[in-house]
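Working notes for the structure below.
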Amino acid sequence: MTDELAGRTIGERIQIIRERRGKSRPVVAGLVGRSAEWLKAVEKGRLHPPRWEKLVQLADALGVQDLSELTGEKPPTTIVGRGSHEVVPAMREAIEETILSVSSEPRPESAELHRRTADAWALWHSSPTPRKSVGAILPQIIRDARRATRVLDGDERRQAHAALSAAYALAEQVLAWVSDSALLWLSADRCMASAEQADDPAALAGAAWVVGNVWRATGREDDAYRLVTDAAGLLEPYLDSDGDGVRALWGSCRLHAAITAARMGREGDALRNLDQADDMAGRLPGGYAHPWTLFGRANAELTGVSVHVDLRKSGRAIDAAEQIDPDSVPSVDRRARLWLETARAYHQRKDYPATLHVLQRATKISEESMRCHPLSRGIAGDLVTSGGRMVQSEARGLARQLGLTV
């Protein structure tokens, strides 16, 4: 790949990488809110290279971790680390720390680890600053859970591994878009390794959901789709006999597959998985939400908005969003994401005043989440450069609020 890109223009690099990833122009263009004709003009050099924020979006759509692959310039800019956050150093220390020996006193309790991890997940969903809030307590939970897996044995040890897998799953959420890719991969890998030690189908499916998140974000959509589909299959024998948590994880895997298929342009697979998830949401008690994935009726509806946006069906996405009560979404971060997905739909239609208004709503709900997500930052940057004079002043203020230099 390096030799093939040498001496190429930005447009040529985009085309080469896109073709190497097996992605069509309409799919990639749709993911960045542009037309296939626009992307072709960029690739063929008929348009000037996109601005930085649009390049970030293109890199995200192509699964490129080093922005210099698109620009040919050094030093590299890592896409995953573009947002940065103050909690990353402490998270890194807890995850990468090498523990060669541990004390057996006092003896930890796996039930207490499960409680603390569940409380951390609840905080993640309830806080308007989820990364800052969870980042203050999660490193110690990870350390304590790692110690427990060393000193406990038998079923207690398996339970400790399940708690540790849940902690690493939360770490992946905290680190997404703000850490380097190596640390994000390590979190996901350790999440799966602990789930394997727990030897529990629910833990394995939850870990597959986490690893699938990272694979999808790094351009391995096919692998992500297969993994979460296999995870759903793993849970199917338990859907009638086990509790709501197993059914919710099955639904979460279907929603994951729906989003992944939509990003690959596989509309049939996307809508089929979305329908299956909707059916499962209907089997759960009203108001139920999985403690990790938030799977339930509200989250299934929110994901439907995302799927339609990724399929370039902005009208259907807006119609779906209008049927959702934001207050029914049991997570501050996801509530902000609902508004962000709606902003993406308006952005696809080039309705810049509506895009600005909706993105401002998302930022008001959770400024931290919007500052960290490349989609919100990319849209804000595009509003400044392409939104027109009617929105330019407010767009500049929003862009600065999200940490962009304008």
Side-chain angles (χ1 to χ4, degrees), residues 87-127 130-176 179 182-214 231 234-235 238 242-246 248-249 252 289-294:
V87 304
V88 173
M91 292 291 299
R92 180 188 305 280
E93 185 177 346
I95 293 169
E96 294 183 346
E97 186 177 23
T98 301
I99 305 174
L100 297 180
S101 61
V102 293
S103 169
S104 61
E105 298 295 338
R107 188 176 176 84
E109 295 184 3
S110 59
E112 176 64 12
L113 288 172
H114 277 281
R115 183 195 64 77
R116 291 169 61 194
T117 304
D119 287 347
W121 269 104
L123 180 62
W124 170 259
H125 292 309
S126 63
S127 174
R131 286 175 171 82
K132 181 178 180 180
S133 299
V134 172
I137 62 173
L138 188 56
Q140 190 58 50
I141 294 175
I142 291 173
R143 287 191 176 92
D144 291 345
R146 290 182 67 185
R147 176 175 173 272
T149 62
R150 297 283 297 277
V151 302
L152 298 176
D153 51 31
D155 187 61
E156 281 285 298
R157 185 175 186 180
R158 286 190 291 273
Q159 289 298 318
H161 271 294
L164 181 55
S165 183
Y168 280 131
L170 183 51
E172 183 270 332
Q173 296 285 287
V174 172
L175 295 171
S179 82
L183 183 59
L184 191 64
W185 272 108
L186 182 59
S187 301
D189 182 67
R190 289 193 171 178
C191 176
M192 179 60 77
S194 292
E196 290 171 350
Q197 292 295 320
D199 195 25
D200 174 71
L204 287 165
W209 179 81
V210 170
V211 174
N213 283 336
V214 179
L234 176 67
L235 295 177
Y238 308 96
D242 285 32
D244 290 330
V246 169
L249 276 172
S252 300
H290 186 268
W292 292 16
T293 67
L294 283 188

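Computed from a predicted structure; not experimentally measured.
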Inset, instruction - List the steps, then state whether side chain to side chain contact (heavy atoms under 4.5 Å, CB included) holds for Leu164 with Arg146. - result: CA-CA 7 Å; Leu164 181 55; Arg146 290 182 67 185; 3.9 Å; yes
Inset, instruction - First locate atom CG of Leu152, then atom CZ of Arg107, and finally report the distance between them rounded to the nearest 0.5 Å. - result: 5.0 Å
Inset, instruction - State, to 0.1 Å, how close Gln173 and Trp121 come at their nearest heavy-atom pair, and which atoms those are. - result: CG-CH2, 3.7 Å
Inset, instruction - For residues His290 and Gly245, report the shortest heavy-atom separation together with the two atoms involved. - result: CD2-O, 3.7 Å
Legend entry - Check: Arg143 side chain, Glu97 main-chain N or O, donor-acceptor pair, under 3.5 Å: no
Inset, instruction - Drop me the distance from Glu112's CD to Ile141's CD1, to the nearest 0.5 angstrom. - result: 9.5 Å
Inset, instruction - For the pair Ser127 (side chain) and Leu123 (backbone), establish whether a donor and an acceptor sit closer than 3.5 Å, ignoring hydrogens and angles. - result: no
Inset, instruction - Would you confirm whether Arg150, through its side chain, and Leu100, through its main-chain N or O, come within 3.5 Å as a donor-acceptor pair? - result: yes
Legend entry - Contact check, side chains of Ile137 and Asp119, non-hydrogen atoms, under 4.5 Å: no
Legend entry - Side-chain heavy atoms of Thr149 within contact of Gln197, under 4.5 Å: no
Inset, instruction - Working to the nearest 0.5 Å, report the span between OG of Ser187 and CD1 of Ile142. - result: 7.0 Å
Sequence neighbours left out, cut at 3.5 Å: what donor-acceptor pairs do the side chains of residues 198-209 make with other protein atoms?
residue	atom	partner	partner atom	Å
Asp200	OD2	Ala202	N	3.2
Asp200	OD2	Ala203	N	3.0

Inset, instruction - Say whether Glu156 and Ser110, considering side chains only, have a donor N or O and an acceptor N or O under 3.5 Å apart. - result: yes
Legend entry - Non-hydrogen atoms of Val211 and Met192 that approach each other most closely: CG2-CB, 4.1 Å
Inset, instruction - Please report the shortest heavy-atom distance between Ala136 and Pro139, naming the atom on each side. - result: C-CD, 4.4 Å
Legend entry - Beyond-backbone contact of Pro108 with Asp144, side-chain heavy atoms, under 4.5 angstrom: no
Inset, instruction - Mind checking the OG1-CH2 spacing from Thr117 to Trp292? Nearest 0.5 Å is all I need. - result: 9.0 Å
Legend entry - Spacing of Leu249 atom CG and Asp242 atom CG [to the nearest 0.5 Å]: 11.0 Å
Inset, instruction - Output the distance between atom CD (Glu172) and atom CG (Leu186), rounded to the nearest 0.5 Å. - result: 12.5 Å
Inset, instruction - Answer yes or no: is there a donor N or O on one side and an acceptor on the other, between the side chain of Arg190 and the main chain of Tyr168, under 3.5 Å? - result: no
Inset, instruction - Tell me, please, which residues at least two apart from Asp153 pass salt bridge (Lys or Arg N to Asp or Glu O under 4.0 Å). - result: none
Inset, instruction - Ignoring hydrogens and angles, tell me if any N or O in the side chain of His125 forms a donor-acceptor pair with the backbone of Pro291 under 3.5 Å. - result: yes
Inset, instruction - For His114 and Ala162, work out which heavy atoms get closest and say how close. - result: CE1-CB, 3.8 Å
Legend entry - Residues, nucleotides or ligands: over 12 heavy atoms within 6.0 Å of Glu109 CD: no
Inset, instruction - Might you work through the side chain to side chain contact (heavy atoms under 4.5 Å, CB included) test for Leu138 and Val87, ending with a clear yes or no? - result: CA-CA 10 Å; Leu138 188 56; Val87 304; over 6 Å; no
Legend entry - Check: Ser165 side chain, Cys191 main-chain N or O, donor-acceptor pair, under 3.5 Å: yes
Legend entry - Residue pair Val134 / Ala120: nearest heavy atoms and the distance that separates them: CG2-O, 3.6 Å
